[in-house]
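Reckoned from all heavy atoms, side chains included, excluding hydrogens, waters and symmetry mates.
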Amino acid sequence: MPSRSAGVAARSKGRIYRTDGSCPFPSGVGRVVCRSARARTRGARLRARKGNLERPEWPRAMVAIAEILHGKHTGASVELRGWIYRTRTMGGKAFVVLRDATGVIQTTIARDKVPPEAFAAAEKALIESSVIVKGSVVADKRAPGGVEVRASDFHVVHFAEKYPIQEDQSEEFLLDVRHLWVRSQKMTTMFRIRDSTFRAVHEYFRGRGFWEVSPPMITPAGSEGGSTLFELDYFGKKAYLTQSWQLYAEALVLAMEKIYYVGPSFRAEKSRTTRHLTEYWHAEMEQAWVGMDEVLKHAEGVISHACQVVAEEHPDDVVAVGRTPEFLKAVKPPFERITYDEALKRLKAKGMELEWGKDLRTLEERALTEGKTKPVVVTHYPRVSQAFYKAKDPKDPELVLGFDVIAGDGVGEVVGGSERETDLEVIKKSLVEQGEDPKSYDWYLDSRRYGSVQHAGFGMGMERLIQWICRLDHIRDAVPFPRTPARFAP
RNA sequence: GCCGUCGUAGCUCAGUCUGGUAGAGCCCCCGACUGUUAAUCGGGUGGUCUGCGGUUCGAAUCCGCACGACGGCGCCA
């Protein structure tokens with residue numbers, strides 16, 4: 001942890017504040033812009049800011065707030081760098097609540113304990129001003145969190161303008177100022193959990209002999225019939241943003257056998273729901289020589305591993321989002337598995353009739369996961385309206401060897417996977433049935449012409465997994481800058 | 001693609017039904033306060049009532065059109 005803090009400080013120094021007088025922008029144009037910006041209204045402030053940072057009596061930041069909150073520095077003198085989260089002043093004492101990337105803590109600045117200019121700065125600085133505080137860590141029941149930093153010096157690096165975000169904000173406004181809202185505790189808590197989740201997925205596959213391979217983002221056509229693609233102008237020709245690595249995975253799996261990838265996928269569907277993004281992060285895997293059961297075990301395994309890592313690395317954050325580490329640690333394989341037919345029976349028992357062949361809708365998914373603490377797996381869906389590459393069930397040609405992993409709390413389908421059809425003629429027929437021209441899939445069909453083998457894989461929505469882990473009401477809060485049908489800025 | 005709700009100060013909203021000179025709280029500024037927890041108390045600044053058109057002596061308010069946003073369903077991960 002200390003090395004991480006020091007690293008951040010060192011990077012800040014290198015990027016923003018040059019001591020040799022050079023401009024951080026490489027080109028001549030950048031240099032001009034740099035100087036003219038300085039010459040304008042805020043020039044004086046910028047100069048002051050630079051000068052202050054170079055004060056030798058201010059050594060680089062040493063301590064992360066989370067360390068203090070965990071009692072690591074109680075009784076010691078520390079120096080903190082961070083941003084003002086809240087201020088409360090009263091007479092000769094100012095309470096400045098500070099946040100950094102790791103947490104939030106109260107600092108107290110007493111008029112008679114710091115230099116006069118330091119107290120004046122503490123009184124004057126607005127929310128989100130960046131500051132450096134020196135002081136001693138004291139356990140005090142009166143402080144929020146039970147521990148605080150009593151300042152011996154207080155220095156404002158940059159006086160923030162009036163910050164637009166206060167309490168009681170509408171969802172709409174927070175989306176407008178998303179670039180500032182990412183500083184909130186709600187967002188930073190999610191960022192830490194998201195970080196662990198991504199790392200856990202990579203760990204899981206790499207630890208089991210999977211190769212990370214990279215499919216293209218720009219593609220000539222789609223992979224899943226009905227889904228809508230974002231079209232782009234590729235030097236006068238139509239191209240599309242990928243919605244899945246599916247077709248490429250099936251080509252690559254015959255080269256590397258066990259492969260995975262975590263990257264963006266794009267869907268141009270105008271889905272106005274709490275679990276859809278038009279740009280989302282997709283964790284996908286494909287494996288040769290195995291069938292549905294084997295990759296289903298990996299689906300359970302990777303979800304479980306992510307839950308273990310998050311619970312282990314961020315127990316406080318887990319509690320903050322309304323889960324418990326115990327809840328996540330209990331998410332271990334195997335998950336409950338039911339067939340599509342069994343799901344229909346269960347729904348009927350709950351008074352919900354669903355016509356055979358129809359996909360499970362939000363309503364039904366919620367009913368199936370009601371009261372469950374682990375995701376539920378549904379297998380063997382009807383073949384009608386399933387993607388052309390899914391393998392027919394040899395025991396029942398009306399079914400496919402496909403599965404969904406359905407999470408509770410209204411999140412729904414987190415993983416969709418299947419064994420893939422290996423027979424060239426069957427795939428061609430399916431393509432035609434779905435109104436596609438097999439000719440435009442000719443390169444893909446080569447995977448069934450040259451050494452076709454049994455293989456299977458799945459795709460997992462990273463934001464949906466994070467939404468479920470963090471119990472988020474809306475999937476857009478599982479990503480820093482969400483892209484939805486109505487919004488792609490900031 | 002379908003259904004619904006909303007748009008008034010930097011923010012959160014009242015005012016619209018029943019037309020008559022634009023309101024509150026928060027933020028911010030000034031002042032008081034040495035243990036505050038979204039501190040409190042006193043004073044102050046701040047408006048293209050989403051836009052366009054119509055009705056009217058007069059429109060934030062009534063009518064029409066447009067735009068924007070949010071929520072739900074479908075589709076999916």
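- The C1' atoms of C73(B) and C28(B) are separated by 43 Å, rounded to the nearest whole Å.
- As rounded to the nearest Å, U36(B) and G20(B) have P atoms that lie 47 Å from one another.
- Under the Watson-Crick and G-U wobble criteria, each requiring two contacts below 3.5 Å, nucleotide U45(B) is left unpaired.
- You'll find that the side chain of His474(A) is closest to G71(B), out of A77(B), A69(B), G71(B).
- Lys258(A) places a side-chain N or O within donor-acceptor distance of the main-chain N or O of Arg208(A), the cut-off being under 3.5 Å.
- Using the Watson-Crick or G-U wobble rule with both distances under 3.5 Å, A38(B) pairs with nothing in any strand shown.
- Here Lys348(A) does not pair with Glu364(A) in a salt bridge; the nearest charged N to carboxylate O distance is not below 4.0 Å.
- If you check G4(B) for Watson-Crick or wobble pairing at under 3.5 angstrom, you find it paired to C70(B).
- The distance between atom OH of Tyr85(A) and atom C1' of U36(B), rounded to the nearest whole Å, is 16 Å.
- U21(B) and G54(B) have their C1' atoms separated by 24 Å, with the value rounded to a whole Å.
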Determine, step by step, whether Glu419(A) and His455(A) satisfy the side chain to side chain donor-acceptor pair (under 3.5 Å) criterion, reporting the C-alpha distance in whole Å, the side-chain angles of both residues, the deciding distance to 0.1 Å, and the verdict. CA-CA 6 Å; Glu419(A) 185 167 332; His455(A) 62 290; over 6 Å; no
Can Thr197(A) and Val309(A) be said to form a side-chain contact (heavy atoms from CB on, under 4.5 Å), step by step? CA-CA 7 Å; Thr197(A) 306; Val309(A) 171; over 6 Å; no
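- U12(B) atom C1' lies 14 Å from atom CD of Glu171(A), rounded to whole Å.
- Spacing between A14(B) and U8(B) at atom C1', rounded to whole Å, works out to 10 Å.
- Base engagement by Leu277(A) is indicated by at least one non-hydrogen atom pair under 4.0 Å involving a base atom.
- For C75(B), the base has a donor-acceptor partner in the side chain of Ser271(A) [N/O atoms by modelled type, under 3.5 angstrom].
- Neither side chain, Arg183(A) nor Tyr85(A), offers a donor N or O lying under 3.5 Å from an acceptor on the other.
- Using a 4.0 Å heavy-atom cutoff across all strands shown, Val97(A) reaches no nucleic acid atom at all.
- Taking every side-chain heavy atom of Lys162(A) into account, C28(B) is the closest of C75(B), G1(B), C28(B).
- Taking only side-chain nitrogens and oxygens, Ser265(A) never comes nearer than 4.0 Å to OP1 or OP2 of A77(B).
- In terms of modelled atom types and a separation under 3.5 Å, the side chain of Tyr204(A) and the main chain of Ser304(A) share no donor-acceptor contact.
- Contact check, Arg487(A) against C70(B): a side-chain N or O comes under 4.0 Å of OP1 or OP2.
- Atom name P, nucleotides G64(B) and U5(B): the rounded distance is 14 Å, in whole Å.
- For Arg86(A) and C26(B), the shortest distance from a side-chain N or O to OP1 or OP2 is not below 4.0 Å.
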List the steps and the verdict of side chain to side chain donor-acceptor pair (under 3.5 Å) for Arg206(A) and Tyr260(A). CA-CA 9 Å; Arg206(A) 285 168 177 266; Tyr260(A) 85 101; 2.9 Å; yes
Could you go through Asp341(A) and Thr339(A), starting from their C-alpha distance and side-chain angles, then the distance that decides it, and tell me whether this counts as side chain to side chain donor-acceptor pair (under 3.5 Å)? CA-CA 5 Å; Asp341(A) 285 347; Thr339(A) 63; 5.4 Å; no
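- For the C1' atoms, the distance from U16(B) to C49(B) is 11 Å, rounded to whole Å.
- Distances shown here put a side-chain N or O of Thr362(A) below 4.0 Å from the OP1 or OP2 atom of G74(B).
- The pair Arg337(A)-Glu300(A) meets the salt-bridge criterion, since a charged nitrogen lies less than 4.0 angstrom from a carboxylate oxygen.
- Taking atom OH on Tyr163(A) and atom C1' on C26(B), their separation rounds to 17 Å, with Å as the unit.
- Between the NE2 atom of His282(A) and the C1' atom of C76(B) there is a distance of 10 Å, given to the nearest Å.
- Within 3.5 Å, no donor on the side chain of Arg272(A) pairs with an acceptor on the base of C2(B), nor the reverse.
- Nucleotide C13(B): paired with G23(B) (Watson-Crick or G-U wobble, both distances less than 3.5 Å).
- Of the candidate nucleotides C75(B), C28(B), C73(B), C73(B) has the atom lying nearest to any side-chain atom of Arg366(A).
- Protein atom CD1 of Ile165(A) is 14 Å distant from nucleotide atom C1' of U12(B), rounded to whole Å.
- Both distances falling under 3.5 Å, in either a Watson-Crick or a G-U wobble arrangement, place C65(B) opposite G51(B).
- Note: CZ (Arg476(A)) to P (A69(B)) measures 12 Å, nearest angstrom.
- Listed candidates were U36(B), U12(B), A77(B). Nearest to the side chain of Phe173(A) is U12(B).
- One C1' atom belongs to G23(B), the other to C75(B), and the distance between them is 46 Å to the nearest Å.
- A donor-acceptor pair under 3.5 Å is formed between the side chain of Thr102(A) and the backbone N or O of Ala66(A).
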Taking only nitrogen or oxygen atoms into account, show me every contact under 3.5 Å that the protein makes with nucleotides 30-35 of chain B, one pair per line with its distance.
residue : atom : partner   : partner atom : Å
C33(B)  : N3   : Gly91(A)  : N            : 3.2
U34(B)  : OP2  : Gly92(A)  : N            : 3.4
U34(B)  : O4   : Asp112(A) : OD2          : 3.1
G35(B)  : N7   : Lys93(A)  : NZ           : 2.8
G35(B)  : O6   : Glu148(A) : OE2          : 3.4
G35(B)  : O6   : Arg150(A) : NE           : 3.3
G35(B)  : N1   : Glu148(A) : OE1          : 3.3
G35(B)  : N1   : Glu148(A) : OE2          : 2.8
G35(B)  : N2   : Gln106(A) : NE2          : 3.3
G35(B)  : N2   : Glu148(A) : OE1          : 2.6

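- Within the 4.0 angstrom heavy-atom criterion, only backbone atoms of the sugar-phosphate kind lie near Leu175(A); the bases stay farther away.
- Computed from coordinates, the Leu363(A) CG to G72(B) C1' distance equals 12 Å when rounded to whole Å.
- Rounded to whole Å, the distance from CD on Glu128(A) to C1' on G10(B) is 16 Å.
- Taking atom C1' in both G46(B) and A9(B), the straight-line distance is 6 Å, to the nearest Å.
- Across all strands shown, A60(B) forms no Watson-Crick or G-U wobble pair with both distances under 3.5 Å.
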